[in-house]
S.K.: 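Once you've had a glance at the structure underneath, I'll fire off some questions.
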Number of protein chains: 2
Amino acid sequence: MKRKNYSSEEIEKKLIEKGVQPTLQRIALCQYILCVADHPTADEVFDWAQKNMAKISQATVYNTLGVLTDSGLIRAFKFPHTEKIVYDCNIEDHFHFFDEKSGRILDIEADSVKLNLDLPKKYKVNSIDIVFKGEIK
Amino acid sequence: MKRKNYSSEEIEKKLIEKGVQPTLQRIALCQYILCVADHPTADEVFDWAQKNMAKISQATVYNTLGVLTDSGLIRAFKFPHTEKIVYDCNIEDHFHFFDEKSGRILDIEADSVKLNLDLPKKYKVNSIDIVFKGEIK
DNA sequence: CTTCCTAATTAGAATAGTTCTAAAACTAGA
DNA sequence: TCTAGTTTTAGAACTATTCTAATTAGGAAG
């Protein structure tokens, strides 16, 4: 839901801030990933790219998604319902809701989930992944 | 931790109960999956089978894991840390702890996690997957 | 501008895990 | 035993992703 409308300049600035060389391909892909897409997979990004920009290779899409993920501009998730890696421009701590009807993934804010754990003391938890599955009425 | 020592006869009975034809291969694989293995992947099951039983094909291992999963005797999970499907003989509702040091997966009983959700009413939750990542000291 | 130098892009091959296919081998029931 | 339906099997096919090696583009220095 945090769909923004970044200009090329703003995206360029973001990339530089993160130490990523702002090439034409990367800026274009960011337009889609940061502004338009909703939890896209690599092939969705590639499909969009083929329709909306000059010739680009699949490898560049994968490279770029890797670079963006490593730089912390986006995050990569793996969900139980698909093999494909899903990318998320929401880099805050959060959980996910998978709508079994539509296949859509929705973000769940971290503070709408209160957890009360009773684990053995020696279990040191570094991070928690939660996926709710269900449907939206 | 629910490591049992089922005899061939007990396994055969379980398979029949679930409407699964108890072939030699299926019984043998169940010995490993239900009694010995701890969250195995398909290739771990295949490795074990090659060492411990007469010639068996990889396809049979995949078929059998599929049949056992469909029948409800075991469950299949997909975790964020690996591509491989992980099988679990614990068919109760439960969550998982992934030990980042050892790579081991441990079961977390459902009632050691209390959840307090504040989701929009129209979100109907059917199931919840939780993976804790961390280390065991 | 050129000349380097490095980094990014590319096409295609390679890989990993899994599923499919078609044939052969079983198994259960009549 | 015969037959029909299952299982098993080897190998091919498939899907998502990563790797490789060659080409191209972008800067910095002169």
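Letters A, B, ... are given to chains in the order of the sequence lines, protein chains preceding strands, and every chain is numbered from 1.
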S.K.: Which parts of residues 53-66 of chain B get close to DNA chain D, meaning a heavy atom less than 4.0 angstrom away?
M.R.: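 Those residues are B:Lys55, B:Ile56, B:Ser57, B:Ala59, B:Thr60, B:Asn63.
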S.K.: For C:dA7, take OP1 and OP2 only and decide whether either is under 4.0 Å from a side-chain N or O of A:Thr23.
M.R.: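 No, outside the criterion.
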S.K.: Hey, are B:Asp99 and B:Ser102 close enough side-chain-wise for a donor-acceptor pair under 3.5 Å?
M.R.: yes
S.K.: Closer than 4.0 angstrom, basic N to acidic O: yes or no for B:Glu135 and B:Lys101?
M.R.: yes
S.K.: For A:Lys78 and D:dT15, give me the distance from atom NZ to atom C1', rounded to whole Å.
M.R.: 14 Å
S.K.: Hey, could you give me each pair passing ring-ring contact (aromatic ring centres under 6.0 Å, His included) that has a residue in residues 17-46 of chain A? Not counting sequence neighbours.
M.R.: A:Tyr32-A:Trp48, A:His39-A:His96
S.K.: How many Å lie between CD on B:Glu44 and C1' on C:dG17, as a whole number?
M.R.: 13 Å
S.K.: Within this structure, what is the CD-to-P distance between A:Gln21 and C:dA8, rounded to whole angstrom?
M.R.: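 Whole-Å distance recorded here is 5 Å.
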S.K.: What is the distance, rounded to the nearest whole Å, between atom CG of B:Leu15 and atom P of C:dT27?
M.R.: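 Between P of C:dT27 and CG of B:Leu15: 14 Å.
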S.K.: Taking the six-membered ring of B:Tyr6, is the NZ or CZ of B:Lys14 close enough (under 6.0 Å from the centre) and on axis enough (within 45°)?
M.R.: yes
S.K.: Between atom CD1 in A:Ile85 and atom C1' in D:dT18, what is the gap in whole Å?
M.R.: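 Result: 10 Å.
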S.K.: How many whole angstroms separate atom CG of A:Asp47 from atom P of D:dT15?
M.R.: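 Distance, rounded to whole Å: 14 Å.
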S.K.: Within the pair B:Gln25 and D:dT8, is there a side-chain N or O less than 4.0 Å away from OP1 or OP2?
M.R.: yes
S.K.: 5'-most contact on DNA chain C: B:Asp43 or B:Pro22, nearest heavy atom basis?
M.R.: B:Asp43
S.K.: From CZ of B:Arg26 over to P of D:dT9, roughly how many Å is that when rounded to an integer?
M.R.: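 Distance check: B:Arg26 CZ to D:dT9 P gives 11 Å.
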S.K.: Whole angstrom is fine here: how far is it from CZ in B:Phe46 over to P in D:dT8?
M.R.: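 Distance, rounded to whole Å: 14 Å.
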S.K.: Could you check whether any side-chain heavy atom of A:Asp43 comes within less than 4.5 Å of a side-chain heavy atom of A:Lys84, counting everything from C-beta outward?
M.R.: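 Yes, close enough: below the 4.5 Å cut-off.
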S.K.: With no hydrogens and no angle check, just 3.5 Å: does a side-chain donor-acceptor pair link A:Thr64 and A:Gln25?
M.R.: no
S.K.: Using only heavy-atom distances, determine whether the side chains of A:Asn126 and A:Lys124 contain a donor-acceptor pair under 3.5 Å.
M.R.: yes
